[in-house]
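So the structure is just underneath, and the comments pick up after that.
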Amino acid sequence: MKFDAAVATDIGRVREGNEDAFLMESPLFAVADGMGGHLGGEVASQLALETLDVLFRHKRGTLADGVREANRAVFERSTRDAEVAGMGTTLTAAIAAGGQLRLAHVGDSRAYLLRDGELAMLTEDHTLVNKMVQTGEITRDEADVHPQRSVITRALGTEPDVQVDEAVIDLHGGDRVLLCTDGLTGMVTEDRIREILTETTGPRDAVDGLVRTALAEGGVDNVTVLLIDVLDDEPAAATGQGRGADGVGTETIVASGLDAGRPSGRTSASSRRAVPWRRIVLWGTGIVLVLAIAVVGVRAYVDTQWYVGVSSGRVAIYQGVPSRVLGFELDHVIVETSISATAAQQLPPFGQLTDGIPVEDRAGADEVVRQIEADLRAAELERQRQQEQEQRQQQKKQGNAG
Ligand code: MG
């Protein structure tokens, strides 16, 4: 069984940033919808997916274990970084392998299965309105337009532990698995989603069509759509077009996801190009993977680094390292104090403040700031003492002279 996947994300027509995130590292796929302010939302969804990805690549635990670990990562970051306090994210993740789809889910992003023209929802929304539907307070139609329909009852990062929904589904050839954020389902009816999935061929057409429709319907939220097509595992020769001019059999390029926008290679024209293309894609995938691992590694490292430096002429606590790579800053201000940097730099131990004073952790940074404050107070007292002494000597001299 092979998979062909594509993803599309759009900021929408109203929002100023895209707080959705996605992961397409076949066989692992996921979407996340961050919340908690512009910065918090982006950090939460990205951090959750990065954590999940790293654990998966190190083959640690089940998919649900990965989601619980992602919850802890977001929660910890949210409690120690005031800039993103209270952030959270939804997370709907899937592993497509061995004829099965494994799902792990928290929040109101969704997974759907299109099979034989029928669309089935595979996840349950962790929302207030869904609870009200279950208890019979309101109908499903009322839920769709309820003013509190976006209130979610379960998210990643808001508590130290989270309950994760899990499911396993047997896959058939021809199945289409859709992962999406509520930017799609809040705008487009399930009937319309089913139509688009039925009418389109290839995952790229489908995700583009879905996002276009969400935008046409108003696009009031970020929208992210990831589609996995399950292909029958037929041998290439069975298509009757399996051999190109170079005598090498057709290579149906699937499942990497990175090239999901291209034709599937089932025509004779594309099969002739299949081998060089495949090589390019493999190289491209390799380079992208190495870069991605480097970025994740650097970021993980940078997030553990702290220093005290200068921001807008004031002493400030930074997370990261005081340098930039390829134009990207590797640090950001966590706290800007009211202490003048010029005054602090005149204190002997803090002369290299502009270069940054590295510290172990956040507590170490606070300690340095306290030390600067104490030293400045001591220097000020010393200055006053000397002034008074000089005045006294002056008065004494004047007394002697008189
Ligand atoms: Mg959303």
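Each residue takes its place number in the sequence, starting with 1. Keep in mind that the numbers below use all heavy atoms, side chains included, and drop hydrogens, waters and symmetry copies. Counting convention: from 1, in listed order, for ligands and their atoms alike.
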Residue Asp33, metal the Mg ion (ligand 1), N/O/S under 2.8 Å: yes

Asp125 and its side chain to side chain donor-acceptor pair (under 3.5 Å) partner, picked from Arg154, Arg149, Arg110: Arg110

The single option from Asn71, Val162, Thr90, Thr89 passing side chain to side chain contact (heavy atoms under 4.5 Å, CB included) against Val106: Val162

Shortest-distance N, O or S atom of Asp221 relative to the Mg ion (ligand 1): OD2

Passing candidate, side chain to side chain donor-acceptor pair (under 3.5 Å) with Thr9, options Asn222, Asp20, Thr224: Thr224

Glu382 atom CD, over 12 foreign heavy atoms within 6.0 Å: yes

Glu19 near the Mg ion (ligand 1) via N/O/S, less than 2.8 Å: no

The Mg ion (ligand 1) to nearest N/O/S of Asp20 less than 2.8 Å: no

For the Mg ion (ligand 1): the N/O/S atom of Asp182 at shortest distance: OD1

Atom pair CD1 (Ile317) and CZ (Arg362), whose distance is rounded to the nearest 0.5 Å: 4.5 Å

